[in-house]
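Lettering of chains follows the sequences in order, A, B, ..., and the numbering in each one begins at 1. Everything quoted here is computed from the prediction, not taken from an experiment.
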Amino acid sequence: GAGVSQSPRYKVAKRGQDVALRCDPISGHVSLFWYQQALGQGPEFLTYFQNEAQLDKSGLPSDRFFAERPEGSVSTLKIQRTQQEDSAVYLCASSSTRENIQYFGAGTRLSVL
Amino acid sequence: QKEVEQNSGPLSVPEGAIASLNCTYSDRGSQSFFWYRQYSGKSPELIMSIYSNGDKEDGRFTAQLNKASQYVSLLIRDSQPSDSATYLCAVEETGGFKTIFGAGTRLFVKA
């Protein structure tokens, strides 16, 4: 498809488990963003990549959160030792260099029990 | 902490009326402003972007920007029940890559 693809759509994790969330951006999009959206809130910025370079990771809430985009395309957000407060929808967005409009994926809903 | 503030609503308008959604932001140097629509359980989708003071119209939607007052608004003319959604105001941070979203305003358009 032509859109941003995220997987899995839903993830249930036991507290303390590690999880990995995948984002496949629109082909050719240089910029990739990760957001965390809690229920009833707007998306909250986590991190930004330009190609493979992580230029801003100021929004990552703790050192348990780690993101990578090794080949400048697919990105993975990893959360180690998940906690209940990590339960949220994790959104990925990508944009091209020609326009700063972000296109969002459907998100991964993470529930930590 | 740079902020984007929106009235959470819900804002309820009858079908055919004008819906007015407002947003204020704290980063005085911001240059790029966006309105996204988010249906329940879905991801945000861009409605409008605006970069200059004044009005920008696209179909039934008009975005208004006043940088001096640090204020952005979205007007939806001839509101339809299908416009019922949460509208997110987003502001690109000065000199960086981070986009700050407001918490959103829930809009209900009554048939």
Search all heavy atoms of A/Gly42 against all heavy atoms of B/Leu88 and return the closest pair with its distance. CA-CD2, 4.0 Å

Portion of B/Lys98 that has a non-hydrogen atom of chain A nearer than 4.5 angstrom: both

Taking B/Pro44, B/Ser8, B/Gly104 one by one, which has the highest count of heavy-atom pairs under 4.5 Å against chain A? B/Pro44

Locate the shortest heavy-atom distance separating A/Phe45 from B/Thr99; write the atom from each residue and the value. CB-O, 4.0 Å

For B/Glu45, is it the side chain, the backbone, both, or neither that has a heavy atom closer than 4.5 Å to a heavy atom of chain A? neither

Contacting region of A/Phe104 [heavy-atom separation from chain B under 4.5 Å]: both

Would you give the length of the straight line joining atom CD of A/Gln102 to atom OG of B/Ser43, rounded to the nearest 0.5 angstrom? 12.0 Å

What do you reckon, is CZ of A/Arg15 surrounded by more than 12 foreign heavy atoms closer than 6.0 Å? no

Heavy-atom neighbours of B/Tyr71 OH exceed 12 at 6.0 Å: yes

Okay, A/Phe33 and chain B: the region with an atom under 4.5 Å from a heavy atom over there is side chain

Atom CD1 of A/Ile101 with >12 non-hydrogen neighbours under 6.0 angstrom: yes

Are there more than 12 heavy atoms of other residues, nucleotides or ligands under 6.0 Å from atom CD of A/Glu71? no

Tell me, yes or no, whether the heavy-atom count around A/Glu44 atom CD, taken from other residues, nucleotides or ligands under 6.0 Å, exceeds 12. no

Contact part of B/Tyr87 toward chain A, heavy-atom cut-off under 4.5 Å: side chain, backbone, both or neither? neither

Out of A/Val4, A/Leu55, A/Asp56, which one racks up the most heavy-atom pairs below 4.5 Å with chain B? A/Leu55

What part of B/Glu92 is in contact with chain A, defined as an atom under 4.5 angstrom from a non-hydrogen atom: side chain, backbone, both or neither? side chain

Would you find more than 12 non-hydrogen atoms of other residues, nucleotides or ligands less than 6.0 Å from A/Lys57 atom NZ? no

More than 12 heavy atoms of other groups within 6.0 Å of A/Leu113 CG: yes

Is there a chain of hydrophobic side chains (I, L, V, M, F, W, Y, each step under 4.5 Å between heavy atoms) that links B/Val13 to B/Leu75? no

